[in-house]
Structures are given as structure tokens and as C-alpha cells.
Novice: 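Pasting in a structure now, in C-alpha cells, and then I'll have a few things to ask.
FYI, the numbering just counts along the sequence from 1. Keep in mind that this is a model prediction, so the values were computed, not measured.
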Amino acid sequence: MFANRRLERKVDALHVKLDLIMAQLGIEAPAVEASAVARPPAVPHVPRGDGMVEVDALLRQGKKIHAIKRYRELTGCGLKEAKDAVERRYP
């Protein structure tokens, strides 16, 4: 999970550097295609099978915070989304 965030930060830093280089050379960025703009937001992967068995077991043990953490690890979604999903499973 943290490795993904670190990679995202590195990619963002590379984009900034690339934009600076392109500006220095007088190169304009290509136009964005309409199909790329119209894409719906990504839906986090909902774990099936063993992943949800772990989450369910943690919830039965009363370890709601651990269940939310595990759900986040499995899906890569944010804290609020994971909390809402876990609470929908066991209100």
C-alpha cells in the first residue's frame, strides 16, 4: 500500500520535470482525447473469496479497525470507502 503511494509520488515528480523540460524546449503537450476525458472514475476492486473471509473473521472477532485496514490492503481504496464498505457488511 505504501509502496504504491511512493510510486505515485515519483511518477508525479517525473511529470513535473517533464513539463518543465517541454516548456524549456518549447514543446506543447498533445491534446487529450475526448474518450480519455469521458472515462468513468475507477471502481476499487472488491475482494472475493479468501480476502473477504479474512475481513469477515476480523469483524466477528470485534476487530473492526483491523478489518478496515485489511480491506484497504486488498482493494487499495481510501479510508472512508473502506470504512463504509466494512460497515455495510457488518453494521
Side-chain angles (χ1 to χ4, degrees):
M1 180 171 72
F2 294 111
N4 289 341
R5 288 186 184 155
R6 186 171 56 238
L7 288 174
E8 288 173 2
R9 285 193 305 267
K10 286 183 179 182
V11 169
D12 289 341
L14 287 172
H15 280 285
V16 170
K17 290 178 182 179
L18 182 59
D19 289 342
L20 290 171
I21 292 170
M22 290 174 66
Q24 181 68 29
L25 295 174
I27 302 171
E28 292 187 30
V32 178
E33 294 180 15
S35 62
V37 175
R39 286 186 194 143
V43 176
H45 167 71
V46 177
R48 303 271 186 239
D50 293 339
M52 287 311 291
V53 170
E54 290 178 56
V55 171
D56 291 339
L58 289 167
L59 287 169
R60 280 192 299 274
Q61 296 170 13
K63 298 180 177 181
K64 185 176 177 181
I65 294 173
H66 293 323
I68 293 169
K69 286 181 181 180
R70 184 64 184 135
Y71 189 89
R72 288 185 72 195
E73 291 171 357
L74 292 168
T75 63
C77 66
L79 179 60
K80 177 154 177 42
E81 294 85 7
K83 181 180 179 290
D84 291 343
V86 167
E87 286 178 345
R88 277 193 305 269
R89 267 187 104 67
Y90 282 90

Novice: Please answer: with hydrophobic residues joined when any side-chain heavy atoms are less than 4.5 Å apart, are I27 and L18 in the same cluster?
Specialist: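 Same cluster: I27 reaches L18 through Ile, Leu, Val, Met, Phe, Trp or Tyr contacts under 4.5 Å.
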Novice: Work out which heavy atom in C77 is nearest to a heavy atom in R72; give both atom names and the distance.
Specialist: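 C77 and R72 have their closest heavy atoms at O-NE, 3.4 Å.
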Novice: At what distance, to the nearest 0.5 angstrom, does CD of E54 lie from CD of E73?
Specialist: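 CD of E73 is found 8.5 Å from CD of E54.
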Novice: Taking all atoms of both residues into account, what is the closest heavy-atom pair of Y71 and V55, and its distance?
Specialist: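 Closest approach of Y71 to V55: N-CG2, 4.1 Å.
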Novice: Salt bridge (Lys or Arg N to Asp or Glu O under 4.0 Å) for K83 and E87? Distances and angles first, verdict last.
Specialist: CA-CA 6 Å; K83 181 180 179 290; E87 286 178 345; 2.9 Å; yes
Novice: Using every non-hydrogen atom in the two residues, find where D56 and R89 come nearest and quote the distance to one decimal.
Specialist: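 Smallest heavy-atom distance, with atoms named: OD1-NE, 2.8 Å.
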Novice: Would you call K80 and D84 a salt bridge, using N to O less than 4.0 angstrom?
Specialist: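 Looking at D84 together with K80, the answer is yes, because their closest N to O distance falls below 4.0 Å.
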Novice: Nearest 0.5 Å please: distance from the NZ atom of K69 over to the CG atom of L79.
Specialist: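 Reported value, rounded in 0.5 Å steps: 10.0 Å.
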Novice: Main chain of G78, side chain of E81: is a donor-acceptor contact present, judged purely on distance under 3.5 Å?
Specialist: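 Checked: pair present.
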Novice: So with a 6.0 Å cut-off around CD of Q61, is the heavy-atom count from everything else above 12?
Specialist: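 More than 12 within 6.0 Å, yes.
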Novice: Out of curiosity, L58 CG to I68 CD1, how far, rounded to the nearest 0.5 Å?
Specialist: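 With rounding to 0.5 Å, CG (L58) is 10.5 Å from CD1 (I68).
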